[in-house]
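Down below is the structure, laid out as structure tokens.
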Amino acid sequence: MIIKGEPVKITVTEYDPAWPQRFEEEARLIRGILGDELAGLFHIGSTAVEGLAAKPVIDILPVVLDIGRVDLHNAEFESLGYECMGEFGIPGRRYFRKGGNDRTHNIHAFQYDDASNILRHLAFRDYLRTHPEVRAAYGALKAELALRFPDDIDGYCDGKDEFVKTHERNALLWYWGRWQEDGTL
């Protein structure tokens, strides 16, 4: 649980090759909870991009058949140490966080037909994986913001906002361009 009034320390580290394994370990637990409700499960965010500096927090995107049914599993997520945050500012999402002020994992669950939210996460991840100059610029920006806002998560996030929105747009256009060229995403 996040302790109110205590600052959240912003730490950006070099890429850790253990992050994919940490995702797989948590993904196994999530699959056990959501079972047949799960349509897909993806490692997203900066820890899913090899070579990208990041806050060492594993972001996970479960795609589910019925977002309302996720709420039936809140107690199971809590037993794994997650806080159940509901939509937490994004309609149709179920957000869970683990680790309190020393966050280790975030879950962003969306229903299968919420294509815009699912696609923007996957496109941005894949764009960073295939565009080394953007990946390097993003890593440098995050490191600089962590130094400027070491205890201010809002300042850190606000500082990334324009970069993320610009490159999320570029990523979506790149995704659609790939689809038009060869019919695959």
Side-chain angles (χ1 to χ4, degrees), residues 15-52 54-99 103-131 134-135 138 157 160-161 164-165 167-185:
Y15 178 80
D16 183 342
W19 289 338
Q21 181 59 35
R22 287 184 53 212
F23 162 75
E24 287 300 333
E25 291 165 0
E26 204 71 11
R28 191 171 30 259
L29 299 172
I30 293 167
R31 285 185 191 101
I33 290 172
L34 295 176
D36 291 340
E37 192 59 42
L38 197 58
L41 189 63
F42 302 94
H43 187 185
I44 60 169
S46 296
T47 61
V49 180
E50 187 175 348
L52 180 58
K55 290 190 293 130
V57 178
I58 307 300
D59 284 290
I60 302 169
L61 191 157
V63 177
V64 299
L65 301 178
D66 182 341
I67 198 67
R69 294 188 55 78
V70 172
D71 298 331
L72 301 175
H73 300 283
N74 283 351
E76 292 166 272
F77 282 109
E78 288 172 348
S79 75
L80 295 179
Y82 282 96
E83 291 179 83
C84 306
M85 308 297 295
E87 291 183 331
F88 203 64
I90 299 178
R93 172 178 75 166
R94 293 302 182 273
Y95 177 65
F96 303 85
R97 59 189 183 195
K98 184 177 189 177
R103 183 100 32 93
T104 61
H105 297 81
N106 295 319
I107 297 174
H108 312 263
F110 291 98
Q111 187 166 294
Y112 74 94
D113 57 356
D114 189 349
S116 64
N117 277 311
I118 296 165
L119 185 59
R120 73 182 172 85
H121 285 291
L122 298 176
F124 188 61
R125 178 201 65 191
D126 292 351
Y127 188 75
L128 290 172
R129 286 176 171 175
T130 59
H131 292 79
V134 178
R135 179 175 58 240
Y138 190 39
C157 290
K160 295 187 323 174
D161 191 57
V164 170
K165 284 181 179 169
H167 290 287
E168 193 173 82
R169 177 187 174 275
N170 294 343
L172 287 165
L173 292 171
W174 169 78
Y175 236 51
W176 291 123
R178 286 179 47 211
W179 183 69
Q180 284 184 318
E181 288 175 10
D182 63 14
T184 63
L185 290 178

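Note that the structure is a prediction, hence the values are computed from the model and not measured.
Counting only heavy atoms from C-beta outward, the side chains of Phe77 and Ile107 approach each other to under 4.5 Å. In this structure, Ile44 and Leu122 have side chains that are in contact, with non-hydrogen atoms separated by less than 4.5 Å. Two residues are said to be in side-chain contact when any heavy atoms from C-beta on lie closer than 4.5 Å; Leu172 and Tyr127 fail this criterion. The shortest side-chain heavy-atom distance between Asp59 and His108 falls under the 4.5 Å cut-off. Residues Arg94 and Asn74 have side chains not in contact (no heavy-atom distance under 4.5 Å, counting atoms from C-beta outward). The shortest side-chain heavy-atom distance between Pro56 and Asp16 does not fall under the 4.5 Å cut-off. In this structure, Arg169 and Leu173 have side chains that are in contact, with non-hydrogen atoms separated by less than 4.5 Å. A heavy-atom distance below 4.5 Å is not found between the side chains of Ile58 and Thr104.
None of Ile60, Ile30, Val70 except one satisfies the side-chain contact (heavy atoms from CB on, under 4.5 Å) rule with Phe96; the exception is Val70. The side chain to side chain donor-acceptor pair (under 3.5 Å) test with Lys98 is passed by exactly one of Glu78, Glu83, Glu26: Glu26.
Annotation: cation-pi pair Arg97/Phe88 present, NZ/CZ under 6.0 Å from the ring centroid and within 45° of its normal.
Counting all heavy atoms, side chain and backbone alike, Ile118 lies closest to Tyr112 at CD1-O, 3.8 Å. The shortest heavy-atom contact between Tyr82 and His105 is OH-CB, 3.4 Å. Ala123 and Ala171 get closest at one heavy-atom pair: O-CB, 3.5 Å. Taking every heavy atom of both residues into account, Leu65 and Asp36 meet most closely at CD1-O, 3.5 Å. Closest heavy-atom contact between Thr47 and Tyr15: O-CE1, 3.8 Å. Across all non-hydrogen atoms, the minimal contact from Trp19 to Leu52 is CZ3-O, 3.9 Å.
Atom-to-atom distance recorded for Glu168:CD and Lys165:NZ is 9.0 Å, nearest 0.5 angstrom. To the nearest 0.5 angstrom, Phe42 atom CZ is 12.0 Å from His121 atom NE2. We find the CZ-CD distance between Arg135 and Glu50 to be 8.0 Å, quoted to the nearest 0.5 Å. To the nearest 0.5 Å, the span separating CD1 on Ile33 from OG on Ser79 amounts to 6.0 Å.
Counting only distance, with no hydrogens or angles, the side chain of Arg129 and the backbone of Ala48 share a donor-acceptor pair below 3.5 Å. Judged by distance alone, the side chain of Arg93 and the main-chain N or O of Glu87 form a donor-acceptor pair under 3.5 Å.
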I'd like to know whether Leu34 forms a side-chain contact (heavy atoms from CB on, under 4.5 Å) with His73, so could you lay out the CA-CA distance, the side-chain angles of the two residues, the decisive distance to 0.1 Å, and finally the verdict. CA-CA 8 Å; Leu34 295 176; His73 300 283; 3.8 Å; yes

Given Asp126 and Tyr175, is the side-chain contact (heavy atoms from CB on, under 4.5 Å) satisfied, shown in steps? CA-CA 9 Å; Asp126 292 351; Tyr175 236 51; 2.8 Å; yes

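Gln111 pairs by the side-chain contact (heavy atoms from CB on, under 4.5 Å) definition with Asp66, Ile67, Asp113, not counting sequence neighbours.
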